[in-house]
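Note sheet for the following structure.
Lettering of chains follows the sequences in order, A, B, ..., and the numbering in each one begins at 1. Below, all heavy atoms of this structure are taken into account, side chains as well, without hydrogens, waters or symmetry copies.
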Protein chains: 2
Amino acid sequence: MQEKVRLKDLAEKLNISITTVSKALNGHPDISEKRRKEIIEYAASVNYVPNQVAKNFRQQRTNTVGIILSDNAYPYNSRMLHGMEETLAASGYYPIFVDSHQDARRELELIRSLHALNVAGVLLTPSHNGRESCDLLTNFQIPYVLARGYIDPDQDAYVVVDDRMVSYMSVKYLSSYDGNKIFFINSMERLPSAQNRLLGYRQALADYGIKEEDDWVIQNCIGQQGGYEVMKQLLRRHKPPFSVICYSDYVATGMICALQERKIQIPSEVAIMGADNIAILSYVKPRLTTIDLPKKRLGQRAAEMLVEMIEHPSNDAPIDFSKMRCVFQPRLIIRETS
Amino acid sequence: MQEKVRLKDLAEKLNISITTVSKALNGHPDISEKRRKEIIEYAASVNYVPNQVAKNFRQQRTNTVGIILSDNAYPYNSRMLHGMEETLAASGYYPIFVDSHQDARRELELIRSLHALNVAGVLLTPSHNGRESCDLLTNFQIPYVLARGYIDPDQDAYVVVDDRMVSYMSVKYLSSYDGNKIFFINSMERLPSAQNRLLGYRQALADYGIKEEDDWVIQNCIGQQGGYEVMKQLLRRHKPPFSVICYSDYVATGMICALQERKIQIPSEVAIMGADNIAILSYVKPRLTTIDLPKKRLGQRAAEMLVEMIEHPSNDAPIDFSKMRCVFQPRLIIRETS
DNA sequence: TTGAAAGCGCTAACAC
DNA sequence: GTGTTAGCGCTTTCAA
């Protein structure tokens with residue numbers, strides 16, 4: 001049962017002033033080496049740990065960073081979170097993480113709470129397209145970086161995967177299957193990333209001279225169950241061969257499951273492309289052709305940028321956002337399903 | 001650019017004392033209803049948010065909770081983390097989460113840091129069997145709950161899965177395969193959970209009259225790559241049929257991959273059991289027979305217990321740890337690989 | 001029912 | 001090179 005040791009306790013024991021102890025411990029230049037050593041040694045011997053709360057209060061700044069994820073249940077975010085945590089820890093910041101559950105109202109509430117906790121910055125995965133959250137953060141003068149999904153290229157610092165390219169690459173690769181229909185199974189249409197995926201898909205169709213047909217795009221398909229059902233539905237209306245680009249590996253595995261139940265050959269009858277490159281699937285047959293998204297690095301980069309913004313605030317000049325952007329390129333992983 | 005509104009600002013505008021404003025906002029009984037209403041309304045109108053850091057400092061307690069995970073890269077932990085976050089958020093606590101990277105030294109360092117941040121409690125996934133971390137937490141008088149892996153049943157509050165039962169159930173189920181060898185592929189032997197799995201395995205062999213042979217237990221097999229290689233090695237030394245119990249679904253998928261490459265039939269030639277019930281695999285063929293571990297609920301329960309300990313501290317009586325334990329039973333999920 | 005004043009542990013401006 | 005002092009924003013006695 002160890003009583004908390006305070007600066008005052010150290011000072012009394014050593015018969016010097018609190019100030020001197022504080023300065024010695026904080027590496028201030030105007031303390032003699034002899035004294036400093038003495039003080040540091042004694043502090044260590046009694047296990048002194050400075051009270052961060054008092055320090056934060058006094059200095060009007062903390063070494064905590066808020067991380068607001070839109071949905072932590074989704075594994076994609078967990079990899080990103082890992083990258084963020086790692087980088088923040090290395091820079092001496094502590095992450096406080098909270099989940100907005102894709103709820104815009106809650107997102108604002110959380111920003112207010114984090115502001116009350118006086119976080120040094122915020123990493124935000126926006127759950128929608130409005131600017132309210134960014135405005136509030138700006139209002140509070142809290143530096144922030146948007147991770148995955150951005151709102152306004154001119155106003156925000158952000159780190160994203162080039163979502164257009166994700167679907168563009170998929171179409172490009174599949175376009176070699178001569179004459180195939182290429183379906184595109186998208187996620188929730190309100191998601192910025194889903195909107196960009198669709199743009200990339202259409203751009204690629206145009207570039208490769210493929211004419212999109214009526215029901216090639218299916219929106220709002222979620223998860224494995226969603227993929228499973230959409231594939232069954234697709235098979236009712238279309239005869240193989242055809243190709244399918246999925247928003248995620250989850251959707252893709254659901255589709256593959258439906259195909260296997262009907263003993264349809266992959267990729268000769270139906271070709272499937274996923275997106276995410278979920279690690280565990282690399283050992284699973286048929287090995288999924290997918291697009292790798294650098295999840296962890298995205299988290300790391302976002303955290304790095306935030307730390308930069310926190311530690312080099314541009315009080316006078318407005319932030320040069322062009323330096324505060326990072327667009328990661330996806331990478332095609334060719335395996336067995338297309 | 002909103003200046004921070006302080007209690008003082010409210011008081012000045014309303015021409016009353018800071019004390020009165022504080023009391024009104026905190027629901028103190030000795031403020032007239034009229035005043036209270038007036039004050040609350042005005043505070044809301046100027047978007048007043050109390051400075052948590054000042055509050056925490058003054059009250060010598062915070063509403064943050066430290067979460068120390070041994071390895072956040074592992075998806076198991078991410079589900080648990082999700083459960084923890086959810087429960088803490090619902091109780092008004094903010095999680096600060098950090099990763100010990102299975103390093104005992106770092107774990108102690110992190111506890112010291114969290115202590116400095118004056119966290120209200122700690123949720124800890126111990127990375128080893130020593131008592132140093134628990135002792136330090138006790139020393140600092142920080143309430144804590146161990147999640148997954150416990151040290152001393154008499155001294156700690158903990159939430160675990162019954163790891164013995166995980167392997168016990170697997171052996172029991174496999175024992176119906178008449179005369180099969182039953183291999184047990186364990187994780188790092190220093191992990192408490194791995195030690196318990198081994199105990200359960202041996203207990204079940206004894207109970208079902210199966211005599212363990214020399215090389216049935218393989219320790220320190222990690223991940224898909226590990227499973228893949230161990231299976232190749234196993235096939236070199238043993239002729240099917242046999243059965244294999246894996247520490248995790250990851251190991252199991254690696255093994256299945258190796259079997260498929262050699263065109264060995266599952267489960268007729270080699271039967272495989274996983275553990276974890278990773279969601280994505282439920283749609284993947286061959287559908288893995290596994291043991292479900294209630295990851296998210298485990299995190300929730302651990303957080304619930306911690307909140308209980310924080311809010312009802314037993315200053316006088318020693319904590320009744322028998323109420324501070326929760327052992328979740330695993331559940332057999334029979335699918336296609338055994 | 002209200003308010004004045006003290007102080008949580010620390011840092012920083014300033015005087016010596 | 002060292003110490004004195006003020007004060008960060010809030011809560012909490014205690015007196016009015």
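For B:Tyr94, there are no ring pair (Phe, Tyr, Trp, His ring centres under 6.0 Å) partners two or more places apart in sequence or in a different chain. Shown here are the salt bridge (charged side-chain N to carboxylate O under 4.0 Å, His left out) partners of A:Glu41, two or more places apart in sequence or in another chain: there are none. With sequence neighbours excluded, the residues forming a salt bridge (charged side-chain N to carboxylate O under 4.0 Å, His left out) with B:Arg36 are B:Glu33, listed by chain and number. Listed by chain and residue number, B:Arg6, B:Glu12, B:Ile18 satisfy the side chain to side chain contact (heavy atoms under 4.5 Å, CB included) test with B:Lys8 (two or more places apart in sequence, or in another chain). Considering only residues two or more places apart in sequence or on other chains, B:Val160 meets the side chain to side chain contact (heavy atoms under 4.5 Å, CB included) condition with B:Tyr150, B:Tyr158, B:Val327. By the salt bridge (charged side-chain N to carboxylate O under 4.0 Å, His left out) test, A:Arg58 is found to be paired with no residue, residues two or more places apart in sequence or in another chain being considered. A:Lys296 pairs by the side chain to side chain donor-acceptor pair (under 3.5 Å) definition with A:Glu86, not counting sequence neighbours. In this structure A:Glu308 satisfies the salt bridge (charged side-chain N to carboxylate O under 4.0 Å, His left out) test with no other residue, sequence neighbours excluded.
A straight line from CZ of B:Arg35 to C1' of C:dG3 spans 10 Å, rounded to a whole angstrom. Atom pair B:Ile39:CD1 and C:dT2:C1' shows a separation of 10 Å (rounding to whole Å applied). Taking atom CD1 of residue B:Ile31 and atom P of nucleotide C:dG3, one finds them 8 Å apart after rounding to whole Å. Distance, B:His115 NE2 to C:dG9 C1': 13 Å, rounded to whole Å. The nearest whole Å value for the distance from the CG atom in A:Asn26 to the C1' atom in C:dC10 is 9 Å. What separates NZ of B:Lys8 from C1' of C:dG3 is a distance of 16 Å, to the nearest Å. Separating the CZ atom of A:Phe57 from the P atom of C:dC8 is a distance of 12 Å, rounded to the nearest angstrom. In this entry the distance linking CG of A:Asp9 with P of C:dG9 reads 9 Å, nearest Å.
Contacts classified as salt bridge (Lys or Arg N to Asp or Glu O under 4.0 Å) and involving residues 113-140 of chain B (residues at least two apart or in different chains) are given here: B:Arg131-B:Asp135, B:Arg131-B:Asp156.
For the OP1/OP2 pair of C:dG9 and a distance below 4.0 Å, the side-chain nitrogens and oxygens of A:Tyr48 include no atom meeting the criterion. Phosphate contact (OP1/OP2 of C:dG9, side-chain N/O of A:Gln52, threshold under 4.0 Å): absent.
In this structure, the helix from C:dT1-D:dA16 to C:dC16-D:dG1 shows an angle of 40° between the axis at its start and the axis at its end, each fitted on 5 base pairs and rounded to 10°.
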Could you go over nucleotides 12-16 of chain C and give all protein N or O partners under 3.5 Å, atom names and distances?
from: C:dA12; atom 1: N6; to: A:Thr19; atom 2: OG1; distance (Å): 3.2

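Across B:Met84 and B:Gly299, no two heavy atoms sit closer than the pair CG-O, 3.4 Å.
Of all nucleotides in DNA chain D having an atom under 4.0 Å from a heavy atom of chain B, the first and last in 5' to 3' order are D:dG9 to D:dT12.
Note on ring orientation: taking the six-membered ring where Trp is involved, the planes of A:His82 and B:His101 are tilted (angle from 30° to 60°).
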